[in-house]
Amino acid sequence: MKDLFKKLIPKGIKAFISQIRPRVFLINTYTLESPIKITNLFKIEERFIVKHLTLEDECSIRKFYQHKSSYQEKIYPRLKLSAWVPLAIIDTSNGEIAYISWVIKENIPYLREFNIKLESHDYFLRHGYCSKDYRHLGLHTRMEQERINYCVMNGANKIYIQISNNNLKGIKSVMDNGFSLYKQDRAILITKYGVYRNFKAFLSNPFIKVI
């Protein structure tokens with residue numbers, strides 16, 4: 001009966017339901033203490049370079065996220081906040097952004113909801129996203145290393161990162177880079193409204209925007 005019901009519902013309605021349906025899940029926070037620079041970087045094609053983006057790159061960033069409506073309300077305000085550093089992999093053959101990842105260097109509401117406090121020279125890694133046109137080229141693996149190196153080059157004492165508890169591949173990746181489990185929380189995701197927060201904090205005040 002359940003399978004029949006799924007077949008009868010149009011794809012558009014199923015997509016809408018998926019976007020508004022709250023998802024509660026376990027999220028793990030990992031830390032890397034006294035990180036050192038990674039010298040044996042994962043090899044990617046020579047046409048790719050790593051670049052620190054600024055407000056001057058806003059048009060390119062908007063184009064990169066144009067198909068990610070759930071990201072847009074959160075992403076653009078970050079460009080004007082000193083807490084957020086966007087790192088990108090650029091395809092020099094056409095100037096397109098292939099991958100963006102963010103480094104947080106100041107305490108923000110999102111971190112406070114998870115009771116994470118960045119001390120001086122602590123960093124938090126967040127939101128890596130690869131364009132569909134550039135997947136399966138090793139860019140995610142390389143960016144994981146590049147953002148660690150960015151933190152190290154800026155005097156990092158400790159680096160934090162969060163991975164969903166069911167993302168076994170992601171967990172293996174951060175563990176391979178030297179991270180260890182710090183703590184576990186429950187988070188809530190509502191894609192349609194850009195909600196990605198600590199579950200308890202959301203229940204306490206569901207109407208505030210946390211970017």
Side-chain angles (χ1 to χ4, degrees), residues 23-42 50-53 68 70-71 74-75 77-89 99-130 139-189 194-202 204-205 208-211:
R23 298 173 186 170
V24 179
F25 56 94
L26 292 175
I27 190 166
N28 301 337
T29 301
Y30 296 85
T31 58
L32 179 60
E33 305 271 356
S34 303
I36 60 175
K37 185 177 180 180
I38 300 172
T39 56
N40 57 330
L41 294 170
F42 185 82
V50 177
K51 179 184 177 183
H52 173 195
L53 301 180
K68 294 289 291 181
S70 60
Y71 272 50
K74 292 185 174 186
I75 295 298
R78 294 178 183 177
L79 296 173
K80 299 179 182 179
L81 299 175
S82 60
W84 294 85
V85 178
L87 299 179
I89 294 179
Y99 194 109
I100 292 182
S101 183
W102 299 78
V103 177
I104 302 172
K105 60 179 182 177
E106 299 172 15
N107 289 296
I108 59 173
Y110 176 84
L111 298 182
R112 287 193 285 271
E113 286 197 348
F114 284 93
N115 293 315
I116 296 171
K117 183 179 180 182
L118 300 183
E119 304 293 345
S120 178
H121 293 100
D122 286 353
Y123 296 89
F124 189 100
L125 309 181
R126 185 143 167 76
H127 274 163
Y129 178 68
C130 186
L139 301 189
H140 178 74
T141 300
R142 177 61 174 264
M143 180 56 91
E144 285 191 324
Q145 297 175 332
E146 291 284 357
R147 57 188 184 178
I148 289 173
N149 281 356
Y150 171 86
C151 297
V152 171
M153 296 299 289
N154 285 277
N157 292 323
K158 184 187 295 184
I159 303 174
Y160 293 85
I161 191 171
Q162 284 182 333
I163 305 289
S164 173
N165 189 56
N166 61 7
N167 184 357
L168 300 182
K169 186 176 180 180
I171 290 173
K172 181 181 184 306
S173 181
V174 298
M175 298 289 280
D176 287 345
N177 280 322
F179 285 83
S180 58
L181 182 63
Y182 174 63
K183 70 191 190 83
Q184 188 176 75
D185 297 280
R186 199 169 293 277
I188 182 170
L189 169 67
V195 173
Y196 190 109
R197 298 177 55 192
N198 177 284
F199 182 60
K200 290 182 179 179
F202 175 80
S204 175
N205 191 345
I208 63 172
K209 282 191 174 293
V210 178
I211 64 170

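For clarity, every value in this text was computed on a predicted model and none was experimentally measured.
Between the OG atom of S180 and the CG atom of L32 there is a distance of 8.0 Å, given to the nearest 0.5 Å. Interatomic distance, T39 OG1 to Q145 CD, rounded to the nearest 0.5 Å: 9.5 Å. To the nearest 0.5 Å, atom CG of residue L87 and atom CE of residue M143 are 5.5 Å apart. Between I161 atom CD1 and I104 atom CD1 the span is 10.5 Å, to the nearest 0.5 Å. Rounded to the nearest 0.5 angstrom, E144 CD and F42 CZ are separated by 11.0 Å. Expressed to the nearest 0.5 Å, how far CG of L41 lies from CG of N149 amounts to 5.5 Å.
For A201, the side-chain contact (heavy atoms from CB on, under 4.5 Å) partners at least two apart in sequence or on another chain are E113, R197, N198. For K105, there are no salt bridge (charged side-chain N to carboxylate O under 4.0 Å, His left out) partners two or more places apart in sequence or in a different chain. With sequence neighbours left out, R142 forms a salt bridge (charged side-chain N to carboxylate O under 4.0 Å, His left out) with E146.
Other residues, nucleotides and ligands contribute at most 12 non-hydrogen atoms within 6.0 Å of the CD1 atom of I36. Atom NZ of K200 sits in a sparse spot, with 12 or fewer heavy atoms from other residues, nucleotides or ligands closer than 6.0 Å.
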Candidate pair I100 and Y129, rule side chain to side chain contact (heavy atoms under 4.5 Å, CB included), full reasoning: CA-CA 6 Å; I100 292 182; Y129 178 68; 5.7 Å; no

Would F25 and N166 count as a side chain to side chain contact (heavy atoms under 4.5 Å, CB included) here? Give the steps. CA-CA 9 Å; F25 56 94; N166 61 7; 5.6 Å; no

As a quick check of understanding, evaluate side chain to side chain contact (heavy atoms under 4.5 Å, CB included) for I38 and N177, giving each step before the final call. CA-CA 9 Å; I38 300 172; N177 280 322; 4.3 Å; yes

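Side-chain contact between V210 and F202 is absent, with no heavy-atom pair separated by less than 4.5 Å. Between M175 and Y30, the closest side-chain pair of non-hydrogen atoms falls below 4.5 Å. Proximity of Y110 to I116: side-chain heavy atoms (C-beta onward) are nowhere separated by under 4.5 Å. Side-chain contact between M153 and K37: present, with at least one pair of heavy atoms (C-beta onward) separated by less than 4.5 Å. Side chains of Y160 and K158 form a contact here, defined as non-hydrogen atoms less than 4.5 Å apart. Annotation: side chain of Q162 is not in contact with side chain of N28 (no heavy-atom distance under 4.5 Å). Contact annotation: the side chain of V103 approaches that of C151 to within less than 4.5 Å [non-hydrogen atoms, C-beta and beyond]. Taking the side chain as every heavy atom from C-beta outward, L125 and V174 never approach each other to under 4.5 Å.
Between S82 and E106, the shortest heavy-atom contact is OG-OE2, 2.8 Å. Across I27 and A187, no two heavy atoms sit closer than the pair CG2-CB, 4.0 Å. Taking both residues in full, the closest heavy atoms of P35 and A156 are given as CD-O, 3.7 Å, listed atom of the first, atom of the second, then distance. Annotation for N205 and I208: closest pair ND2-CG2, 3.2 Å, computed over non-hydrogen atoms. When all heavy atoms are compared, the tightest approach of Q184 to N165 is NE2-OD1, 3.4 Å. Closest heavy-atom contact between H121 and G155: CB-O, 3.1 Å.
Classified by interplanar angle (parallel below 30°, tilted 30° to 60°, perpendicular above 60°), the ring pair Y99/H140 is tilted.
A side-chain donor-acceptor contact under 3.5 Å links Y123 to the backbone of N154. N157 places a side-chain N or O within 3.5 Å of a backbone atom of S120 that can act as its donor or acceptor partner.
Separation of the F114 and Y196 ring centroids does not fall under the 6.0 Å cut-off.
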